[in-house]
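Remember, it's 1-based here, ligands and their atoms both numbered in the order they're listed.
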Amino acid sequence: MTFRSLVGHRRVTTLLSRAIGRETLPPTLLFAGPAGVGKWQAAMATAQALNCLNPVQPTGFDSRDGDALAIDSCGECRSCERINRGLHVDVITVAPDDKASIKIDVVRDVLARTTYRPFEGRRRVVLIREAETLEPQAQNALLKSLEEPPPATVFIMTTSVPGALLPTVRSRSMTIRFGRLPAADVAAVLVRDFEQSEPQARALAALADGSIGQALALENADVSVLRETALELLQQAAGRGDAQRRLQVAGAIVGPPKKERAREDMAIVFRLTASMLRDIEAINSGVDARLIANPIVADDLRALARHFGGDRGRDAFAAVDRALSALERNVGAKVVAEWLSLQL
Ligand SMILES: [Zn+2]
């Protein structure tokens, strides 16, 4: 993985690349941000840029706002090859075990390997994935090394839950924040790396909340059923159906008692609703029909368009947004669904 092939996160990759070029990269880094946005890829790209045998200065790279990469790995030399395939002896990766934790023994083994100078590379890089799964003892075992890293060693931890790390670990690391990706970037990666068709990629990206990981997870969810539910929600609201009918839809969103839908799936229903409202806005402003995110229900959306013009559309969108954040804050599923069904 090279910096220039990473989609999005230009500010961050520029920063990393420049620090590597000037040899001022801090030895302990924490890449924090939502799951599935490319933190791990950025960590791998950093390891590669630190050890590449023929580093390049990419030209023609987006240089607006001074976002130009100072240095990048070639992606082809022996070192880049080996890092890519996970075979480079000086690039050590640690990931959670099947119980979703990283134990102290694993950390001790890794630290033992950092007491010597790098064997084949210029820098030894220890990459710790989902660092929030480090058990507290494992984190404590790391502390001394994070504070005084062994010579020529860089630690990079990635996490979507920085708050789950001990404050002592966080305070010894330089935190680099990764944001969510624009939907267009998510779609671009799905097409480029995951063999998705353009329309399918756009449909998934519209629901993925800026995360490639989430877009891929959606492939496993039964999106067509969830889409039907979202459409029903808008249709009942458009007809200004009585409260009874609307609450029925809320019930359908949550699912029958004892077989309640997973909160993640409920969130997808809300995101689908938001994405349909965006489509409706596009339809109302005469945008090319091929560009809407939910072409499968285009006719239904056209029928809904006159109900959700102007302020009502905007208010509906804001309500869905509030419902989503309530869901994230763990507010009861039924409460959220009922509230939204009456708000729209
Ligand atoms: Zn290289």
Side-chain angles (χ1 to χ4, degrees), residues 1-31 33 36-95 110-111 113-131 145 149-158 173-174 176 178 181 185 188-195 212-213:
M1 181 57 78
T2 59
F3 284 131
R4 60 194 177 283
S5 63
L6 263 175
V7 174
H9 310 304
R10 277 298 154 241
R11 199 184 52 79
V12 167
T13 45
T14 301
L15 188 96
L16 290 167
S17 153
R18 289 194 179 158
I20 293 169
R22 294 193 198 113
E23 302 199 352
T24 54
L25 190 74
T28 304
L29 295 162
L30 179 64
F31 289 2
V37 298
K39 299 185 299 294
W40 185 252
Q41 282 74 11
M44 294 296 284
T46 307
Q48 220 168 282
L50 283 168
N51 279 305
C52 178
L53 304 174
N54 308 305
V56 294
Q57 273 179 298
T59 50
F61 189 79
D62 185 3
S63 61
R64 279 172 302 164
D65 311 320
D67 286 356
L69 293 179
I71 200 172
D72 200 358
S73 59
C74 70
E76 286 161 5
C77 69
R78 191 170 48 87
S79 174
C80 285
E81 262 300 80
R82 293 176 73 79
I83 292 171
N84 237 334
R85 291 164 57 203
L87 298 174
H88 198 292
V89 289
D90 296 317
V91 175
I92 306 170
T93 59
V94 182
V110 169
L111 293 179
R113 288 168 66 187
T114 62
T115 49
Y116 307 97
R117 294 198 72 82
F119 291 102
E120 58 175 313
R122 289 198 306 267
R123 293 289 195 94
R124 177 177 288 107
V125 188
V126 178
L127 301 159
I128 305 180
R129 188 171 188 150
E130 292 173 45
S145 303
T153 299
V154 176
F155 287 88
I156 307 178
M157 298 177 279
T158 66
S173 317
M174 178 169 180
I176 302 209
F178 285 69
L181 293 166
D185 283 354
V189 175
L190 295 178
V191 170
R192 187 189 71 180
D193 299 344
F194 297 95
E195 294 170 2
I212 294 155

Neighbouring protein N, O or S atoms of the Zn ion (ligand 1) [cut-off: under 2.8 Å, no waters] = C52 SG, C74 SG, C77 SG, C80 SG
Among all residues two or more places apart in sequence or in another chain, which pass the side-chain contact (heavy atoms from CB on, under 4.5 Å) test with P118?
-> D90, R124, A152
S173 side-chain N/O to T28 backbone N/O, donor-acceptor pair under 3.5 Å | no
So, D72 side chain and V56 main chain: donor-acceptor pair closer than 3.5 Å or not?
-> no
Short question: side chain of T153, backbone of P151 - any donor-acceptor pair under 3.5 Å?
-> yes
What pairs of donor and acceptor atoms, side-chain ones from residues 39-50 against any protein atom, are under 3.5 angstrom apart with sequence neighbours left out?
residue : atom : partner : partner atom : Å
K39     : NZ   : G33     : O            : 3.0
K39     : NZ   : P34     : O            : 2.8
T46     : OG1  : A42     : O            : 2.7
Q48     : OE1  : M1      : N            : 2.9
Q48     : NE2  : M1      : O            : 3.2
Q48     : NE2  : S73     : OG           : 3.2

Those residues at least two apart in sequence (or on a different chain) that pass ring pair (Phe, Tyr, Trp, His ring centres under 6.0 Å) with H9 are F178
